[in-house]
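Quick caveat: nothing in here was measured; it's all calculated off a predicted structure. Each chain gets a letter, A, B and so on, in the order the sequences are listed, and its residues count up from 1.
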Amino acid sequence: MSQKKSGFHPAGYEPVLLARLGKPNSRHIDGYVADGGYSSWKKILSGVKTGEWTPVKVTDLVKASGLRGRGGAGFPTGLKWTFVPPKEKRGGKPVYLLCNCDESEPGTFKDRLLIETDPHQLLEGMMLASFALDVKHAYIYIRGEMVHGAEYLNEAVSEAYAKGFLGTDIQGSGLTLDITVHRGAGAYICGEETALIESLEGKRGHPRIKPPFPAVSGVWSSPTVVNNVETLACVKHILDRGPDWFKTLGRNEKNTGPKLYCISGHVERPGVYEGPMGLPFLELLALAGGVRGGKKIKAVIPGGASAPMLTAEEVQSLPLDFDGVAAAKSMLGSAAIMVMDENTDMVKAVTNISKFFAHESCGQCTPCREGTPWLNKMLKRIVAGQGKRQDLDLMLQIANQMGNGMTICVFADAAIAPVLSGVTKFRSEFEAYIAKSAALDYQLPAPAAVTDKVAARVAEGIHS
Amino acid sequence: MSGGANVPVDSLPGQPPVGEHGALSCGKDVKFSEEALAEFEKLLTRYPTKQAALLPSLWIAQREFGWISREAVDYVAGLLSLSPAFVWGVVTFYTMYNRAPVGKHLIQFCTSISCHLNGAEEVYHECRKKLGGLKPGETTPDGKFTVIEVECLAQCDKAPAVMVNGDDHAVITKDNLDKFLESLK
Ligand SMILES: Cc1cc2nc3c(=O)[nH]c(=O)nc-3n(C[C@H](O)[C@H](O)[C@H](O)COP(=O)(O)O)c2cc1C
Ligand code: SF4
Ligand code: FES
């Protein structure tokens, strides 16, 4: 692991999620238990029969903590858990917990660090969540590329069985829990929760139309909760130290807890840094040693390739949390912060990101399957010096017809974000490429006036 | 064992001939080893449906046979009572199941945005040039190296990121490319 042992958090901040980073054998259960690990799970195992611990109590603690999902959308975790129907309304179906360790959003590498250095932290979080949700079998869906990560998780799961923290009637508590590690095989879309479910069922990773939402009908038509690795790791600490402590870490009531930030691109020390939710961007940049070579910033992507780009001015006083980045009209997403210096060719950068989305579209929806390669081809044409004056407006038109609820999942919206923001905010760079091109003008098609109606019809079809 | 249509799909005019359900043939019968079969049986106990064991079974197949041939598709389909066409549909959706033999070292260059900002494409092209002008996805004649381009490997702090088979490598640049290739031989 390239992670430095010190200096990966702001001065005066006590790391939580990465507290055990750099310890010898941090992956193994003995060290974890010696550091106080599994104390919350033991608390529950011994308190379940006496009635001291109930699923509702755990859910209430998570709700009170203000924890919001770390997988991208920032949805309140405790609230999500309450969407699972009560036992009497489940028709005898089991509930499943799926840990989303697909981590494929370009720029994101925090979950990998968590599972490679401290997998038991995640497992304990999953045990606690499983108790809250009445789950008997939980799965970790890990992207196929993380070969060693899957090995480490499997080792950790075996250790947890051997020490009696998993299995049937665990330590006489009457609770049963199995955890299975399931490897993906290379497909970004499988990080989307319903695609993940399809993939786990042994199919192509095609997102499902919602509703029904997974909480009601997910994997194997059973109620299912999908949570990110970091989210579940946070649950362990909420149970260890209480929701009030958790809330003291964030910038405000709505953005609480510890947060892992992945910073990469043109910085001196790229890496995963831990800080409170809402760490100012400039503080994170300073931790990462500033822009490489002392250069100036041109653009920043604050939340993975799907997040709209921000300009140097827009990041000056930006707090890195869900609402702070949303206020700047972008998103915190997976907290993958990518810094581009003053020499960056924005046209090539946007073209690169559009290639990613063209490659990763699952192909179910025409606007997404056809639109993503179209955008990529037009951008490549501009880079190749064959751009035409109308191309930029045409791209914006196409992009606008791909998003806004026209598709099954929000991948299409993610795919157009970098194009819309890049072309809008750095338009002169695109125009400079096109100015050198000898390609002939063409007539821009009239904006499709019917779009709104179509969108409304589709939305009705999807949401009713 | 193959349950799918026995009519080859090569009758479309102007299409190159392909085998049944599109997969390449390895020219021999394939079968899991005892150990792999035991692993497969254990897998089945972890899921409420047989079908859910498909991705992990294909992983076993790839480990056992090196790549997913038409015969491997038929074999796995038989084990799980699925149609070969369905299995092939799943195989082709994911990028990590090799649909043709690959070299001993499958060198995967990430060219997504963080790696792009750090010059990934150049290193990727340079590497293929050094290996005798390999085209993307081609294997050296000695069967040692296959070089491909992949999307973000969740190692953006080590950009440009490279993975060889399942192993991550420290930053590979044009300067240490020779040393890197040497270390694989
Ligand atoms: C295209 C796409 C890709 C996604 N990839 C991931 C991913 O790799 N990891 C992840 O945790 N969530 C990912 N998500 C979000 C999940 O759908 C889901 O919201 C999340 O796992 C829920 O966990 P949380 O509530 O703990 O955040 C993705 C969503 C979309 C639309
Ligand atoms: S929007 Fe794109 S990725 Fe999502 S379901 Fe449709 S085609 Fe697939
Ligand atoms: S962008 Fe290359 S590893 Fe993430």
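Atom CD of A:Glu201 is separated from atom CG of B:Leu55 by 12.0 Å, given to the nearest 0.5 angstrom. How far CE of B:Met96 is from CD of A:Glu145: 4.5 Å, rounded to the nearest 0.5 Å. For the atom pair A:Ser104 OG and B:Leu153 CG, the distance stands at 10.0 Å (nearest 0.5 Å). Separation of atoms CZ (A:Phe356) and SG (B:Cys152) is listed at 7.0 Å; rounding is to 0.5 Å.
For B:Tyr47 and A:His137, the ring centers sit 6.0 Å or farther from each other.
Interface remark: A:Tyr139 contributes side-chain atoms only to the contact with chain B (heavy atom separation under 4.5 Å). Neither the backbone nor the side chain of B:Ser57 comes within contact range of chain A, judged by heavy atoms closer than 4.5 Å. Contacts of A:Ile353 with chain B are made by side-chain atoms alone, with heavy-atom separations under 4.5 Å and no backbone atom involved. Both the backbone and the side chain of A:Thr180 come within less than 4.5 Å of a heavy atom in chain B.
Residues A:Arg112 and B:Asp168 are in side-chain contact: their nearest non-hydrogen atoms beyond the backbone lie under 4.5 Å apart. Taking 4.5 Å as the limit, some side-chain heavy atom of B:Asp167 sits within range of a side-chain heavy atom of A:His148.
Residue-environment remark: NZ (A:Lys348) stays at or below the threshold of 12 foreign heavy atoms within 6.0 Å.
Remark: A:Lys355 engages B:Glu149 in a salt bridge, criterion side-chain N to carboxylate O under 4.0 Å.
One side chain, B:Tyr94 or A:Ser199, offers a donor N or O that lies under 3.5 Å from an acceptor on the other.
Under the 3.5 Å distance criterion, the side-chain polar atoms of B:Trp59 are left unmatched by any main-chain donor or acceptor of A:Gly144. Looking only at distances, a side-chain donor or acceptor of A:Arg204 sits under 3.5 Å from a matching main-chain atom of B:Gly89. Without hydrogens or angle criteria, B:Arg46 side chain to A:Ile179 main chain gives a donor-acceptor distance under 3.5 Å. In this structure, the side chain of A:Asn352 does not engage the main chain of B:His116 through any donor-acceptor pair within 3.5 Å.
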Handout entry: Steps toward side-chain contact (heavy atoms from CB on, under 4.5 Å) verdict (B:Leu117, A:Met340)
Key = CA-CA 8 Å; B:Leu117 293 172; A:Met340 303 184 209; 3.8 Å; yes
Trace of the side-chain contact (heavy atoms from CB on, under 4.5 Å) decision for A:Phe109 with B:Lys158: CA-CA 10 Å; A:Phe109 43 100; B:Lys158 295 187 204 137; over 6 Å; no
